[in-house]
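What follows is one structure encoded as structure tokens, with my remarks underneath.
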Amino acid sequence: MARLEARNVSKSYPGVLALDGVSIAFEPGEIHGVIGENGAGKSTLMKLLSGVERPTEGAILVEDSEVHWHGVRESIDAGVVMIHQELNLVGTLTVAENIALGREPRKGLALDHKSARETAKRLLTEVRADISPDTMLEDLSIAGQQLVEIAKALSYEAKVLIMDEPTAVLSERETTALLDLMERLKSRGTTVVFISHILEQLIQVCDRITVLRDGQFVATLPKGECDEATLAKLMVGRELADYYPTKTPSWKEEVVLDVQGLQVPGHTKDVNFQVRRGEIVGIAGLVGAGRTEAAEAIVGLRKSAGSISYEGKPVHFTSPRQALEAGIAYVSEDRKLLGLHLTRSVGENITLANLRAYGSLLLDRKKEQQHIEHWVKEIQIKVSSPDVDVQTLSGGNQQKVSLSKWLDTQPKLLVLDEPTRGVDVGTKSEIYYLVRKLAAEGMTFVVISSEMPELIGLCDRTVVLREGRTVGELTGEDMTEEKMMMLVAGVDA
Amino acid sequence: MKFGPFMQKWGVLAAFLVLLGLNIVMQPQVFLKPDVLRNLFSQNCGVGIIAVGMTLLIVSGGIDLSVGSLMALAGGVGIMVMNKSLEGHAPEMMAVWTGVGASILVSVAGGLVNGLLVTVGRIAPFVATLGGLLAYRSLTQAIADGSEIASKSTGGLESLAGAGLPLPFIMGSNHKPLMVQWIIFVFLLAVVAATFLLERTPFGRRLVAVGANEKAAVYAAVSVNAVKLGAYAIVGLCVGIASVIGAAKLNSISSSSMGAFYELDAIAAVVIGGTSLSGGRGRVWGTLIGVLLLGMISTMLVTANVSIYWQGVVKGVIILLAVLIQRGQKAA
Amino acid sequence: MKFGPFMQKWGVLAAFLVLLGLNIVMQPQVFLKPDVLRNLFSQNCGVGIIAVGMTLLIVSGGIDLSVGSLMALAGGVGIMVMNKSLEGHAPEMMAVWTGVGASILVSVAGGLVNGLLVTVGRIAPFVATLGGLLAYRSLTQAIADGSEIASKSTGGLESLAGAGLPLPFIMGSNHKPLMVQWIIFVFLLAVVAATFLLERTPFGRRLVAVGANEKAAVYAAVSVNAVKLGAYAIVGLCVGIASVIGAAKLNSISSSSMGAFYELDAIAAVVIGGTSLSGGRGRVWGTLIGVLLLGMISTMLVTANVSIYWQGVVKGVIILLAVLIQRGQKAA
Amino acid sequence: NAAPEPSKTDPGTKPTAQTSGKKYKIGVSIPSADHGWTAGVVYWANEAKKELASDADITVVTAKDGEDQVKQLETLATQGLDAIVFLAYDTKSLTPEIKKLKEQGIFLVSVDRGVDTPVDMFLAGDNKQFGKISAEYIVKKLGGKGKILVYRGIPCQVDTDRVDAANAVFKASGVEVLQELVGKWDRQEAYKVTQTALLKYPQIDAIWAGDDDMALGVEKAFKEANRTQPWMLGGAGMQDVVKRVKANDPVFPADTTYPPKMINDAVHACVEALKAGKKAGQAQENKTIPCELITPENADKFTYPDSPF
Ligand SMILES: Nc1ncnc2c1ncn2[C@@H]1O[C@H](COP(=O)(O)OP(=O)(O)OP(=O)(O)O)[C@@H](O)[C@H]1O
Ligand SMILES: Nc1ncnc2c1ncn2[C@@H]1O[C@H](COP(=O)(O)OP(=O)(O)OP(=O)(O)O)[C@@H](O)[C@H]1O
Ligand SMILES: [Mg+2]
Ligand SMILES: [Mg+2]
């Protein structure tokens, strides 16, 4: 008897058929992976299964009886809990209060803070998060928030726990802890549904993996039959030959950016690195290493001390506008809050940073349209029309919009912060090729990433930060996961 | 704590104390009298209680423009019910309390109507309650023929706003122990209750959640509509209490001027107090100081004999200064 | 298109047309007169132009409560400058246009002050402009001693609001071709210009971006402060134009009542028109309909001889109904 | 425009109305009830509407400010009215519109405040006289010396006229005006500012309040503070106060008339004039409604049991 099942469900949004007659069943005590390209319908399917949205057609069944949920309360009562792809927490409440929200423990009339805090502490320990329950949520990094989200989901003690790309914002250490946690949940009989674009993780923990493509069910493979090549082929519908582009060194000797002794109060103490023209430089580090802050300081988003020189001249930008005028652009890791205008259209988002190129008084809408179409095609943004709101896009496609916004400004130096977070393998590979191609044409890249294979596969060189300091640099043959891991975590070889 | 965050947190209090200090220095003969402080509280009880309720509502992401009109309506109905009771020869205080009950009933009902328009009707709070601002006032004028509704109570109603506790050792300007009216305690009680509600109860935490991130609240299975409705009902209750205080003070209500502009004063006090108009964060004690600050400006305009034509400039500038020293705050 | 989204988009227009239809059916002798429609436009030019500016400001996430007071101040200063000019024996129309210039100067300056308080001062728009609401009005009363400021122009100032284009074939109720005053064209021009600005220019895109997600706008290299300042200046300009229209219509301005409650009417028109008070999306044509809808309610209350005491109820209920049919909209 | 042009708007009704006593269409435009006295005006206008229901079809509209009043008059003008009775919110602001109405041949009756152009009938209240006689009474009763408080209303021409006239009298006498307080013609407001003023002034001999509503608020504040109640003189002949004057209440030895009923008189006069065949555009007929001092002796004359003010 399946614990949770979707039978022939379809879901349509205005202009989009997101799901087309999908059937899927989850058994007790299994870890079930779900994969598919961006926009394949994974999140939509999970929203139907967790009562957030209702199917246009088909049925949802819990232990073989059909359910018609009207809201999250009912699905939670039935034992189905979902961690959404986008964070849904309250910034102005503490971690403990967020975890307790909706089911606060009481002492008389009042909220029982002590018990809420203890529960939070216990759950945070379970997800291996070193976070105080009294921290304001908005003071946490995205990774921290994601861990809180997971802790909150655990607190429901659900029978089915759906996790929609929980690892996208986590670094190695937290990811490993999370995969462990899944195993423990499974041994307690919980069903875990796990969505991810990192196939390696899926293969490691899943008992079965279901593949979706274009809103349709493709296949469900048992553990033994899953390997990266097969899965990728099922997802994309073709063979993925060379995942990373070949590293043809395209850089020149000229140093474009030279950062020396960069200090961002409270975040970095001594960041040093150089970037040459046409080079792709990676920056590795654990969450909290200060990579994002260093990048933000460079483009004028944060106050900093130390020296930065760009194209041979010392610079000190006080706003991204100045940085952009000099040719430096920064793609934020937090696409939801900082990278995108969710309530505006795809097209508007893509051209926002580059409006000057479309006229100073009047917008050249034809030219704008051409550029928008170019990017939608170039990096395969799956969208029915560029006029729809970005918030209706799937997570990975939103990431692509954020990327296009900056590519459209044609910067000389582009700083990418977690550029492929939530992007499917097929498109990821295409983004790598695009970056390589642009580098060959003379564009310079700084790539901040928590995925080591990505840094290794894409970058010419990787700078490692630890606790706000540059602790090393790896090039060529030296760029291996072991060496990088050691530098990142500060354990001596 | 650094200066910036310190001021962000305590700036409104600092502004209040500075203004009080200035007043004491410039007019010691008035501002050193304990009566002044007592009056400051008693005069601003009504708008203060409403502002306290409004704080909770604004934290939840709502707003209520109808409070002043609803106050007139509730007060008017209350007095009429009381008068009817008295005509039926009910004992004075019983009639008075019947009237009080009617006022509270009307105002809570009014609050619920606002809440239903916002939740079930899915109308933006600003417009939903703008309708009330117009309609409740008009209704009051209709039942009062545009004029006053006078109470037929002989002292009973007034007693609600009078009397109180004498403060030992502290002499009022009439050389008798200073009386602290009960209504001041009601106001302070409202402040304490709202603080408790906001910061110590599940409901309070849900108010914050709904105001800060409605979707997150939905996903956490919080009944968003119930929370919102609750917030509007609380404002209604506060309006009801304020209407009783207003009616008791003058033993009558004016259908056209009672509560006029209270919405603006209450919202101003909330915002000056450091609560963000965009919801999700707020503090009741700040509102208390905001109310007292606005009240003190009014007192000051009288004692300093500021020309009527310049009063607005003085008031406007002081408000801006009070808020400027809290700058760095998130935009409301 | 389904009914829901259709109504969300066109509901306000539907509400307007339904109300117009009802009025025509119930009072054909009034509402079939072309004068009535003409008056609807001419009477609401002033508040309409301000509402148009306010739409852009609200889209950018701001709000301006000071518009009514600033209008009085700008109008007052304009008339005084004109009178001085006339006393100096300047030619009538030159004096008039000098006054117009002064009004515009004052109002744009006032708008910029608001903008600076919000951007550099980092004060929440609501409070920043609440200060202006009080201060500008008070300043006007101070320069006018609380009474009216009469123009010394003999017809020149009035001519700005008079005359216009005669409509061929359409007769007014005085049996002469109906005159469409220039100010109506100014209003319509403002609507077109603002629509264009919002939808066809980089500035408009930035306004929207700042209102929808200010932080993301900063990250997208938008000069947020410049955009906000621009929005406040535009509102200032609109206020200036409205003040000239107001002064020209009345050949005087009343320091205490000119522009009173314009902030409320303008904001109401914007919200009724479907622009979200939380910023990031809005439409100028909706505001136009919102202004006309509110104007028609006022006209209707006069022509239908609704009892004075019930007018507020009627107005409130119609506003709510007009917004109810657009429901499903995001809360403002 | 000496003779009335034949009605241009609604040829059907006007001639018949004039000849056969059929219904006149009359518009009444007044400020909205934002304080006690204007509430009285609204009440009396509505009374007139009822009283004259058989003779005239009366539309009463209230304006929230001067501009609003202009708009309402514009709208009324499209209605084919025989006459308009108005109490100007702002006199100068209304003048251009009144000129336009005149051109349309509508019979115009101005009440209380004059506009800057002649109309057909003007029932004038006299705010300057109001200020003068009330102040003179105070000076006389105080014997030319003493300390008083003056209460102002909402800033506008009426308020300025009353207060300036009163102040002129006080200045010329030995009576000292301690302070002008702002009571906005409202009981609550006056009560509030008095509470504060009481802390400042140990001795107050009398009160000049520009309106009875304020006087009642002042009285309440004194009572609450347990202070010796000074006597006071308010204005506008509010019924509660008139009753107390009549009963020889020491707090209210007298009052000044400024009856909101003037609007009612005006509507009646207007209908009379129309019935008598008076036409628009002939000479202006002036009536001044004198401000009188109400004393216990003549109080009966000013009693209207049903009036809300
Ligand atoms: N609210 C909505 N309105 C319109 N279209 C929507 C909405 N939500 C999702 N869609 C569309 O449905 C399709 C499936 O989206 P979904 O989010 O389920 O993809 P996904 O498989 O989770 O992709 P990703 O890996 O990028 O997260 C997409 O084309 C998306 O644009
Ligand atoms: N020393 C510290 N003490 C407390 N909190 C810190 C400290 N350093 C960083 N943080 C918090 O942790 C977060 C770390 O994220 P940050 O973006 O700086 O790291 P990162 O190196 O960019 O890693 P990632 O991009 O993987 O999140 C910051 O937002 C900050 O709030
Ligand atoms: Mg997804
Ligand atoms: Mg980072």
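Proteins get letters first, then strands, A, B, ... in listed order; numbering begins at 1 in each. All values derive from a computational prediction rather than experimental measurement.
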Would a 4.5 Å heavy-atom cut-off, applied to side chains only, mark [X] and [Y] as touching?
X: C:Val218; Y: A:Leu301; answer: yes
X: A:Glu368; Y: C:Arg205; answer: yes
X: C:Arg281; Y: A:Arg344; answer: yes
X: A:Glu348; Y: C:Val208; answer: yes

Part of [X] lying under 4.5 Å from any heavy atom of chain C:
X: A:Leu324; value: side chain
X: A:Arg356; value: both
X: A:Glu325; value: neither
X: A:Ser319; value: neither

Quick one: closest heavy-atom pair of C:Pro202 and A:Ser360, and the distance?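 So the minimum-distance heavy-atom pair works out to CG-O, 3.8 Å.
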Do you know the tightest heavy-atom contact between C:Ala220 and A:Leu352?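 Nearest heavy atoms, C:Ala220 then A:Leu352: CB-CD2, 3.7 Å.
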Could you tell me whether a side-chain N or O of A:His341 sits under 3.5 Å from a main-chain N or O of C:Asn213, the two making a donor and an acceptor?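 Yes, A:His341 side chain to C:Asn213 backbone: donor-acceptor pair under 3.5 Å.
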Strictly distance-based, threshold 3.5 Å: is any side-chain N or O of A:Arg321 a donor or acceptor partner for the main-chain N or O of C:Val222? no
Nearest 0.5 Å please: distance from the CG atom of A:Leu362 over to the OG1 atom of C:Thr201. 8.0 Å
Going by ring-ring contact (aromatic ring centres under 6.0 Å, His included), name the pairs with one or both residues in residues 183-227 of chain C, residues two or more places apart or in two chains.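 Checked against ring-ring contact (aromatic ring centres under 6.0 Å, His included) - neighbours excluded - the pairs reaching residues 183-227 of chain C are C:Trp182-C:Phe185.
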Can you run down the ring-ring contact (aromatic ring centres under 6.0 Å, His included) pairs that involve residues 346-371 of chain A, sequence neighbours left out, and say none if there aren't any?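 Every ring-ring contact (aromatic ring centres under 6.0 Å, His included) pair that includes a residue of residues 346-371 of chain A, provided the two are not neighbours, is A:Tyr358-A:His371.
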Should we say atom CH2 of C:Trp97 is surrounded by more than 12 heavy atoms from elsewhere, each under 6.0 Å from it?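 Check fails, neighbour count at 12 or below.
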For A:Glu378, is the CD atom crowded, meaning more than 12 foreign heavy atoms sit under 6.0 Å from it?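 It does: A:Glu378 CD has more than 12 such atoms within range.
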